[in-house]
Amino acid sequence: MYVILFGAPGVGKGTQAVLLAEKTGLSHITTGELFREAIRQETELGKQAKVYYDRGQLVPDHFTIAMLLERLSKGDCADGCILDGFPRTLEQAAALDEALVREGRVIDKVVYIQAPEGELLSRLSGRWSCRQCGSVYHERFQPPREAGRCDQCGGELYQREDDKPETARRRLEVYAQQTAPLIDYYRERGKLLEIDGDKSVEEVAENLLAAVEGS
Ligand code: AMP
């Protein structure tokens with residue numbers, strides 16, 4: 001099954017995708033993390049992407065689509081996966097549909113997780129990430145056991161450049177302009193399921209699983 005988790009930055013897609021992957025056994029593919037890895041490793045793609053990434057802008061479609069399709073071609077995605085943070089433009093959605101159709105596959109469900117804008121901003125600006133393993137914490141909702149240290153690997157926690165308040169605001173604007181039109185794209189195709197993201201992590205996870213497993 002191919003599932004897209006869709007919603008504004010800060011709505012909890014990443015956290016929910018990890019939980020959904022554990023419950024369903026599907027691989028979790030996140031373009032944000034693929035970019036962060038490329039930036040950490042200072043690959044050619046990483047150097048190109050960093051310019052956009054640090055400003056809270058979308059990385060141009062041709063880089064993003066090529067990177068995602070290459071990841072999708074790996075064996076662990078042959079029977080499905082959870083996509084988190086992709087697609088984010090109509091061009092990306094069309095490229096994904098085309099690539100899947102060529103192999104007789106389709107997107108099964110798109111789950112749109114929603115939350116009010118004020119809540120999104122506060123979630124984004126309280127977020128801390130591990131430099132080493134990429135785990136994400138939140139000073140209010142999911143603090144680490146020891147301040148500044150990752151529970152998973154002991155790595156140093158830092159605030160992502162794009163989670164700083166001004167950039168977070170810009171990311172929400174970019175979402176409204178470039179990504180929100182995808183809601184209609186998937187609604188028209190009968191794929192869109194909507195769930196309320198303004199609830200506890202556990203409640204959202206339960207509703208998400210029910211949406212994905214429902215017929
Ligand atoms: P995220 O962690 O999903 O919020 O993504 C962080 C940043 O990575 C975004 O602000 C973009 O700069 C870049 N990015 C991630 N996914 C995409 C995408 N599908 N298209 C373009 N840029 C992306």
Side-chain angles (χ1 to χ4, degrees), residues 1-37 58-59 61 64-115 120 123-124 134-136 142 171 174-175 178-215:
M1 181 188 307
Y2 290 90
V3 179
I4 294 174
L5 290 194
F6 186 84
V11 82
K13 295 187 297 292
T15 305
Q16 293 298 334
V18 170
L19 297 173
L20 186 64
E22 275 167 15
K23 288 179 192 151
T24 57
L26 291 168
S27 293
H28 168 204
I29 311 299
T30 155
T31 41
E33 193 49 40
L34 291 174
F35 281 129
R36 280 186 284 284
E37 185 57 26
L58 295 186
V59 178
D61 282 336
T64 309
I65 291 167
M67 176 183 77
L68 187 275
L69 294 185
E70 136 86 13
R71 179 64 189 84
L72 266 192
S73 69
K74 304 245 159 89
D76 63 329
C77 297
D79 294 323
C81 68
I82 300 164
L83 287 173
D84 154 20
F86 185 97
R88 264 162 139 121
T89 64
L90 286 167
E91 194 174 336
Q92 291 178 14
L96 175 63
D97 280 346
E98 241 173 65
L100 289 177
V101 162
R102 270 201 299 273
E103 301 184 20
R105 302 183 283 174
V106 287
I107 292 294
D108 295 282
K109 291 186 176 169
V110 179
V111 186
Y112 173 27
I113 310 177
Q114 305 184 55
L120 297 172
R123 288 188 191 182
L124 283 175
S135 292
V136 179
Q142 210 185 346
R171 287 167 68 203
V174 167
Y175 169 79
Q178 301 188 54
T179 306
L182 289 178
I183 297 167
D184 282 342
Y185 178 90
Y186 286 116
R187 190 177 280 136
E188 281 160 16
R189 285 160 179 76
K191 311 262 182 199
L192 199 75
L193 300 165
E194 302 183 35
I195 64 171
D196 184 0
D198 197 14
K199 295 191 166 180
S200 71
V201 170
E202 294 76 21
E203 275 175 287
V204 177
E206 233 172 76
N207 294 339
L208 173 59
L209 187 65
V212 167
E213 287 183 339
S215 49

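A quick note: this is a predicted structure, and the numbers were derived from the prediction, not measured. Positions are given from 1, in the same order as the sequence printed here.
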Participant: Could you give me the CA-CA distance, side-chain angles and deciding distance for Asp108 and Val3, then say whether side chain to side chain contact (heavy atoms under 4.5 Å, CB included) is met?
Facilitator: CA-CA 6 Å; Asp108 295 282; Val3 179; 5.6 Å; no
Participant: For Glu203 and Ser200, what are the C-alpha separation, side-chain angles and deciding distance, and is it a side-chain hydrogen bond (donor to acceptor under 3.5 Å, both in side chains)?
Facilitator: CA-CA 5 Å; Glu203 275 175 287; Ser200 71; 3.2 Å; yes
Participant: State the CE-CZ distance between Met1 and Arg105, to the nearest 0.5 angstrom.
Facilitator: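 Spacing of CE (Met1) from CZ (Arg105) equals 14.5 Å.
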Participant: Taking Gln92 for the side chain and Arg88 for the main chain, is one N or O donor matched with an acceptor at less than 3.5 Å?
Facilitator: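 Pair found, side chain donor or acceptor close to backbone of Arg88.
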Participant: Roughly how far, to the nearest 0.5 Å, is CD of Gln114 from CD1 of Ile195?
Facilitator: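 Result: 9.5 Å between the selected atoms.
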Participant: For Ile82, run the side chain to side chain contact (heavy atoms under 4.5 Å, CB included) check against Val111, Thr30, Ile4, Thr24 and tell me which one passes.
Facilitator: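 Testing Ile82 for a side chain to side chain contact (heavy atoms under 4.5 Å, CB included) against Val111, Thr30, Ile4, Thr24 leaves exactly one candidate, Thr24.
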Participant: Taking atom NZ of Lys13 and atom CG of Leu208, what is their separation to the nearest 0.5 Å?
Facilitator: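 Reported value, rounded in 0.5 Å steps: 12.5 Å.
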Participant: Is any side-chain heavy atom of Thr64 closer than 4.5 Å to a side-chain heavy atom of Phe86?
Facilitator: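 Contact flag for Thr64/Phe86 side chains = yes.
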Participant: Can you name the side-chain hydrogen bond (donor to acceptor under 3.5 Å, both in side chains) partners of Asp196, sequence neighbours left out?
Facilitator: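 Residues passing side-chain hydrogen bond (donor to acceptor under 3.5 Å, both in side chains) with Asp196: none at all.
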Participant: Between Lys109 (side chain) and Val212 (backbone), is there a donor-acceptor pair under 3.5 Å?
Facilitator: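 Yes, the answer is positive, given that a donor and an acceptor are paired below the 3.5 Å cut-off.
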Participant: Cation-pi check, Arg171 to Tyr175: give yes when NZ or CZ is under 6.0 Å from the six-membered ring centre and within 45° of the ring axis, no otherwise.
Facilitator: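 No cation-pi geometry.
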Participant: To the nearest 0.5 Å, how far apart are CD in Glu70 and CD1 in Ile65?
Facilitator: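 It is 14.5 Å, given to the nearest 0.5 Å.
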Participant: Using side chain to side chain contact (heavy atoms under 4.5 Å, CB included), reason through Gln142 and Val136 one step at a time and then give a plain yes or no.
Facilitator: CA-CA 9 Å; Gln142 210 185 346; Val136 179; over 6 Å; no
Participant: The test is side chain to side chain contact (heavy atoms under 4.5 Å, CB included); show your working for Val106 and Tyr2 and say whether it passes.
Facilitator: CA-CA 7 Å; Val106 287; Tyr2 290 90; over 6 Å; no
Participant: Would you mind checking if Arg102 and Asp97 are paired as a salt bridge, meaning a charged N to carboxylate O distance below 4.0 Å?
Facilitator: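 Answer for the salt bridge query: no.
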Participant: For residues Leu19 and Val201, determine if any side-chain heavy atom of one lies less than 4.5 Å from a side-chain heavy atom of the other.
Facilitator: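 SC-SC contact between Leu19 and Val201 confirmed.
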Participant: Quick one, Met67 and Thr31 - any side-chain contact, counting heavy atoms below 4.5 Å?
Facilitator: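 Yes, side chains in contact.
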Participant: Rounded to the nearest 0.5 Å, how far apart are CG of Leu58 and OG1 of Thr179?
Facilitator: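 Output value for this atom pair is 5.5 Å.
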Participant: Within the 4.5 Å heavy-atom criterion, are Val18 and Glu22 side-chain neighbours or not?
Facilitator: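 In short, these two side chains touch, coming nearer than 4.5 Å.
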Participant: To the nearest 0.5 Å, tell me how far Glu213 CD sits from Lys23 NZ.
Facilitator: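 Going from CD on Glu213 over to NZ on Lys23, the span is 9.0 Å.
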Participant: Hey, is Glu194 close enough to Arg187 for a salt bridge, meaning N to O under 4.0 Å?
Facilitator: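 Looking at Glu194 and Arg187, the cut-off is met.
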Participant: With salt bridge (charged side-chain N to carboxylate O under 4.0 Å, His left out) as the criterion, how do Arg71 and Asp76 come out once you've worked through the C-alpha distance, each side chain's angles and the decisive distance to 0.1 Å?
Facilitator: CA-CA 9 Å; Arg71 179 64 189 84; Asp76 63 329; 2.7 Å; yes
Participant: Which heavy atom in Gly12 sits nearest to a heavy atom in Arg123, and how many Å separate them?
Facilitator: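 Answer, listing the atom of Gly12 first, then Arg123: N-NH1, 4.3 Å.
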Participant: Name the residue from Leu193, Leu182, Asp84 that meets the side chain to side chain contact (heavy atoms under 4.5 Å, CB included) definition with Phe6.
Facilitator: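 With Phe6 as partner, Leu193, Leu182, Asp84 yield a single side chain to side chain contact (heavy atoms under 4.5 Å, CB included), made by Leu182.
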Participant: Do Leu83 and Leu5 make a side-chain contact, defined as non-hydrogen atoms from C-beta onward lying under 4.5 Å apart?
Facilitator: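 Leu83 does not reach Leu5 side chain to side chain.
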Participant: State, with a plain yes or no, whether a side-chain heavy atom of Leu96 is found less than 4.5 Å away from one of Ile107.
Facilitator: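 Heavy-atom side-chain distance check passes, below 4.5 Å.
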Participant: Compare every heavy atom of Ala115 with every heavy atom of Gly197, then report the nearest pair and how far apart it is.
Facilitator: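 Smallest heavy-atom distance, with atoms named: C-CB, 4.4 Å.
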Participant: Are more than 12 heavy atoms from other residues, nucleotides or ligands located less than 6.0 Å from atom CD of Glu91?
Facilitator: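 Open: at most 12 neighbouring heavy atoms sit under 6.0 Å from CD of Glu91.
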Participant: Any heavy-atom pair between the side chains of Leu26 and Leu20 that's under 4.5 Å?
Facilitator: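 Side chain of Leu20 against side chain of Leu26, heavy atoms only: no contact under 4.5 Å found.
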Participant: Taking the side chain as every heavy atom from C-beta outward, state whether Pro9 and Leu120 have any pair of such atoms under 4.5 Å apart.
Facilitator: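 In short, these two side chains do not touch, never coming nearer than 4.5 Å.
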